[in-house]
Amino acid sequence: MLNYLWGFMIVIGIVYAAFTGNLPAVTNAALDSSKEAVALCITMLGVMSLWVGLMRIAENCGIISGAARTLNPFLRFMFPAIPKGHKANEYISTNIIANVFGLGWAATPAGLKAMEEMSQLNNHSQIASKDMCTFLILNVSSFQLIPVNMIAYRSQYGSVSPAAIVMPALLATAVSTVVGILAAKVLERTWP
């Protein structure tokens, strides 16, 4: 449905531009936007490569597994129904660590794998388990120490201080995560 809506708006915009004599401006805007999109993709590819590479080095050095062990008490509190040592805990840890470093694109595959593992624990039910809902809340709130994407976007668009977003993002994601955890734990008591 959304594709039809976007398509309709594009067609209406082009037709309106043609009738008002602004078709060259629409063409120029489309070309400028496509150049900007390619430049942004190249910038993001570089940033993504750097951070995913650092994550891979951290994984090979054992930093990720150490961080995952450090997260175990938190995971036991957040996901009590997941058995200790289950594969879902590893995927959840990887997802949380990637989100903390602002690597949402790297967190997604681990998050999907975590949900698959929790779905198996939930006997592939069509209704999400409490742990699945809690993980979704935790993943969406996404506490971040370093908002890599925002820094890259701000840098690409000429910000004087691209990293100025770090403290506000840290505060906002910390608050959203705490509120999410509190909401999950309160609602967990009311779920059947």
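Below, each value reflects all heavy atoms present in this structure, side chains not excepted, and no hydrogens, waters or symmetry copies.
Applying the side-chain hydrogen bond (donor to acceptor under 3.5 Å, both in side chains) test to pairs two or more places apart or on separate chains, none has a residue in residues 2-16. The side-chain hydrogen bond (donor to acceptor under 3.5 Å, both in side chains) contacts involving residues 18-27 comprise Thr20-Asn22, where partners must be two or more places apart or lie in separate chains.
Looking at Asn139 and Asn99, their side chains do bring a donor and an acceptor atom within 3.5 Å of each other. With no hydrogens or angles considered, no side-chain donor-acceptor pair links Ser176 and Ser141 at under 3.5 Å.
Without hydrogens or angle criteria, Asn89 side chain to Ile82 main chain gives no donor-acceptor distance under 3.5 Å. Looking at Thr173, its side chain does come within 3.5 Å of a backbone N or O of Leu170 through a donor-acceptor pair. A donor-acceptor contact shorter than 3.5 Å links the side chain of Asp131 to the backbone of Ala81. Within the 3.5 Å criterion, the main-chain N or O of Ser155 finds no donor-acceptor partner in the side chain of Ser159.
Between Thr190 and Val186 there is no side-chain heavy-atom pair separated by less than 4.5 Å. Ile146 places none of its side-chain heavy atoms less than 4.5 Å from the side chain of Val166. Residues Phe74 and Ile96 have side chains in contact (heavy-atom distance under 4.5 Å, counting atoms from C-beta outward). Put simply, the side chain of Tyr91 does not reach to within 4.5 Å of the side chain of Met118, judged on heavy atoms.
More than 12 heavy atoms of other shown residues, nucleotides or ligands fall within 6.0 angstrom of atom CG in Leu31. For CE of Met9, the number of neighbouring non-hydrogen atoms (other residues, nucleotides, ligands) closer than 6.0 Å is greater than 12.
Judged by the 6.0 Å and 45° rule, Lys185 forms a cation-pi pair with Phe77.
Criterion: ILVMFWY side-chain heavy atoms under 4.5 Å apart, direct or through other members. Under it, Met167 and Met150 are part of a common hydrophobic cluster. Tracing side-chain contacts under 4.5 Å through hydrophobic residues (I, L, V, M, F, W, Y), one never reaches Val175 starting from Phe143; they form parts of separate clusters. Residues Val179 and Val140 fall into different hydrophobic clusters, defined by Ile, Leu, Val, Met, Phe, Trp and Tyr side chains chained together at heavy-atom separations under 4.5 Å. One hydrophobic cluster, built from ILVMFWY side chains closer than 4.5 Å, cannot hold both Leu182 and Phe79; they sit in different ones. Under the 4.5 Å side-chain contact rule for hydrophobic residues, Leu145 and Ile165 share a cluster.
Here CE of Met132 is found 13.0 Å from CD1 of Ile137. Values are rounded to the nearest 0.5 Å. To the nearest 0.5 Å, atom OG1 of residue Thr94 and atom CD of residue Glu90 are 5.5 Å apart. The line from CE of Met78 to CZ of Phe135 is 10.5 Å long, rounded to the nearest 0.5 Å.
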Worksheet item: Given the rule in the side chain to side chain contact (heavy atoms under 4.5 Å, CB included) test, do Ile10 and Ile14 qualify, once you have shown the distances and angles that lead to the verdict?
Response: CA-CA 6 Å; Ile10 289 169; Ile14 292 171; 3.8 Å; yes
Discussion item. Is there a side chain to side chain contact (heavy atoms under 4.5 Å, CB included) between Ile12 and Phe8? Walk through the geometry before answering.
Written reply: CA-CA 6 Å; Ile12 292 298; Phe8 176 74; 3.6 Å; yes
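Checked against salt bridge (charged side-chain N to carboxylate O under 4.0 Å, His left out), Glu117 has no partners two or more places apart in sequence or in another chain. Judged as a side-chain contact (heavy atoms from CB on, under 4.5 Å), and not counting sequence neighbours, the contacts of Ala164 are Arg154, Ser161. Under the salt bridge (charged side-chain N to carboxylate O under 4.0 Å, His left out) criterion, Glu116 pairs with Lys113, sequence neighbours left out. The side-chain contact (heavy atoms from CB on, under 4.5 Å) check on Cys133 picks up Ala128, Trp191, with sequence neighbours excluded.
Smallest separation of non-hydrogen atoms from Ala110 and Asn95: CB-N, 3.8 Å. A pairwise comparison of heavy atoms in Glu188 and Lys130 identifies O-NZ, 3.5 Å as the closest pair. Taking all atoms of both residues into account, the shortest heavy-atom contact from Arg76 to Pro83 is NH1-C, 4.0 Å. The two residues Ser93 and Leu75 have their closest heavy-atom pair at OG-CD1, 3.1 Å.
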